[in-house]
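Per chain, numbering begins at 1; letters A, B, ... match sequence-line order.
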Amino acid sequence: MSNNSPPVLLSVRGVSAGYGPSDVLHTVSLEVREREIVTLIGANGAGKSTTLMTISRIQKLRAGVIEFAGHNLASTPPDQVVGMGLAQVPEGRRIFPRLTVRENLEMGGFLRHDQAAMNRDLERVYALFPILKERDRQQGGTLSGGEQQMLAIGRALMSEPRMLMMDEPSMGIAPILVVRIFQAIKQLRDEGMTILLVEQNARAALRLADRGYVMETGSITLSGLGRELLDDRRVQEAYLGE
Amino acid sequence: MIMSQAVVSESVAPVAMGWGDVLSQQLITGVSNGMIIAMIAIGYTMVYGIIELINFAHGDLCTLGSFLALTMVGALGMEAWAGMGGTAAVVTLLISSAVFCGALNWTIDRVAYRPLRGKPKLALLVSAIGCSFILVNIALFWGGLPMEVFGGGNQAAAPKDFPSLISNENLLGAQSAITVTWRDLFVVIVTVPLMIGLTWLVKSTRLGKAMRAVAQNPIAAALMGIDVNRVIGSTFLIGGALGGFASVIYALYNNTISFQMGYRTGMDAFTAAVLGGIGSLPGAVVGGIVIGLVRALSDGYIEARWTNSVVFGILILTLVFRPSGILGAKLREKV
């Protein structure tokens with residue numbers, strides 16, 4: 001990146017984390033600059049979701065540093081990470097099935113108190129995904145997979161985040177809705193959102209992203225501009241099926 | 001069973017009872033006992049809803065609530081309080097026991113359950129059983145304290161008389177075949193507003209929404225900025241406080257408490273929670289009333305010694321044909 005590139009918003013340096021006796025992540029380092037879309041690609045089980053969960057502080061940190069907007073997150077509990085402006089759209093969506101669509105969105109703004117501003121953001125989410133407005137009184141669990149993904153994204157946006165981490169937003173969703181969701185991600189970036197995108201759909205993700213990281217068995221093995229990685233032979237063979 | 005004593009004594013009415021009177025009497029007794037059971041069942045179902053734990057210590061927590069109340073009666077000489085002083089005594093006991101049981105339940109979660117979160121569920125269950133035994137032993141020790149209300153401390157395990165702070169006079173007149181007492185009214189007057197208040201809290205408040213979110217998906221709840229441990233702690237606090245209210249209502253309604261009360265009534269309440277659909281608040285209330293009615297009808301028409309078999313027979317049949325309980329359908333609201 002050139003010298004006048006935007007400042008780093010999220011910096012992950014030498015992070016190790018895991019479950020049980022062994023580490024799942026081995027000294028992972030990556031950074032995301034303001035208003036960038038950065039993608040993290042890799043095979044199933046490579047540690048992509050664990051990386052996001054560690055950054056969100058749900059997963060225990062064994063070593064390394066996570067800095068967001070200049071704050072060290074080492075001893076920050078997960079509920080406070082959101083308050084700092086770092087939201088996550090988790091893998092499998094994790095919407096609240098027995099809350100209505102609207103209640104789900106309101107939960108996203110749990111830490112906010114300015115009702116007027118929240119209503120404004122609610123309308124923005126409804127404008128981004130009009131289907132959610134149509135279904136706002138339906139229970140979350142009755143939505144289709146694609147609609148639930150939109151709800152999960154909308155819910156994260158309700159926390160007024162500076163940065164959004166998305167985990168496999170295209171997983172298990174009808175292709176037509178995948179297109180819609182990728183359009184929404186692009187739109188969010190154009191409006192100034194910073195995004196870290198974890199995807200198995202590597203081609204779509206690299207096309208959309210400014211930069212990308214490739215993760216294999218818990219380590220970052222490659223990184224570069226989105227275009228560069230699309231043209232990289234190793235990436236093509238391993239992840240693009242060429 | 002202790003509860004059946006009340007049934008038997010009230011069945012001996014001054015006038016010969018027709019079958020309709022007998023039935024009405026059993027229904028009145030059943031609903032009153034059922035409301036008490038429901039209050040305790042709510043504590044089981046709330047905790048199960050939020051951390052999927054059958055909190056075996058919950059019934060025994062209620063035992064300690066009633067022991068606290070009896071201690072206060074003895075220490076403050078409340079038996080002598082009459083008129084509005086009697087009302088003040090009852091309110092003082094209710095609130096003291098609610099605060100005590102709420103705080104104790106919160107502490108139990110903090111000390112014995114919270115460190116085990118994320119560990120296998122069996123560890124949590126064993127911890128709950130352990131807490132149950134510890135509370136029972138505390139009750140036995142407490143019952144042996146040398147206070148007059150505890151029978152001078154000579155027989156720790158013996159049932160303790162709880163003074164009649166609420167009149168047992170028949171509101172329908174001494175000649176009526178059916179007996180409805182101030183105690184029956186008292187049970188309804190205290191429990192119904194508490195249940196309505198709890199429903200409002202869970203449905204409409206910020207804490208209630210956080211509780212529902214944690215129950216449905218704790219990780220997502222944390223990602224929304226909810227302090228999950230604090231919400232779980234609040235759930236124990238509220239469930240414990242309702243158990244505290246129930247323990248005093250039980251003591252005043254039945255005039256007797258013992259260290260086994262929590263085990264016995266707790267078993268009824270746990271059954272009620274499962275019967276209604278564990279995790280469901282309205283289910284706990286419906287289950288409690290059903291169990292109360294079944295107990296009363298079985299005591300009245302079959303025989304008191306068969307009552308447990310009848311209750312559990314119904315529970316087993318319900319679970320066989322409707323495993324999620326009466327209200328535990330797809331749309332059930334956990335917490």
For A/Met158, is it the side chain, the backbone, both or neither that has a heavy atom under 4.5 Å from a heavy atom of chain B? neither
Tell me, out of A/Arg93, A/Arg57, A/Gln80, A/Glu103, who's got the most heavy-atom pairs with chain B below 4.5 Å. A/Glu103
Among A/Gly83, A/Pro97, A/Pro77, A/Gly109, which residue forms the greatest number of heavy-atom pairs with chain B at distances under 4.5 Å? A/Pro97
For B/Phe236, does the six-membered ring have the charged nitrogen or CZ of B/Arg114 within the cation-pi criterion, i.e. under 6.0 angstrom from the centroid and within 45° of the normal? no
For A/Pro78, which atoms come within 4.5 Å of any heavy atom of chain B: side chain, backbone, both, or neither? both
Are A/Glu199 and A/Lys48 close enough for a salt bridge, meaning some N to O gap below 4.0 Å? no
Between B/Gln216 and A/Arg98, is there a donor-acceptor pair closer than 3.5 Å when you use the side chain of the first and the backbone of the second? yes
Lys/Arg N to Asp/Glu carboxylate O, A/Arg112 vs A/Asp121, below 4.0 Å: yes
Is it the side chain or the backbone of A/Ser159 that comes within 4.5 Å of chain B heavy atoms, both, or neither? neither
Below 30° counts as parallel, above 60° as perpendicular, anything between as tilted: where do the rings of B/His58 and B/Tyr44 land? perpendicular
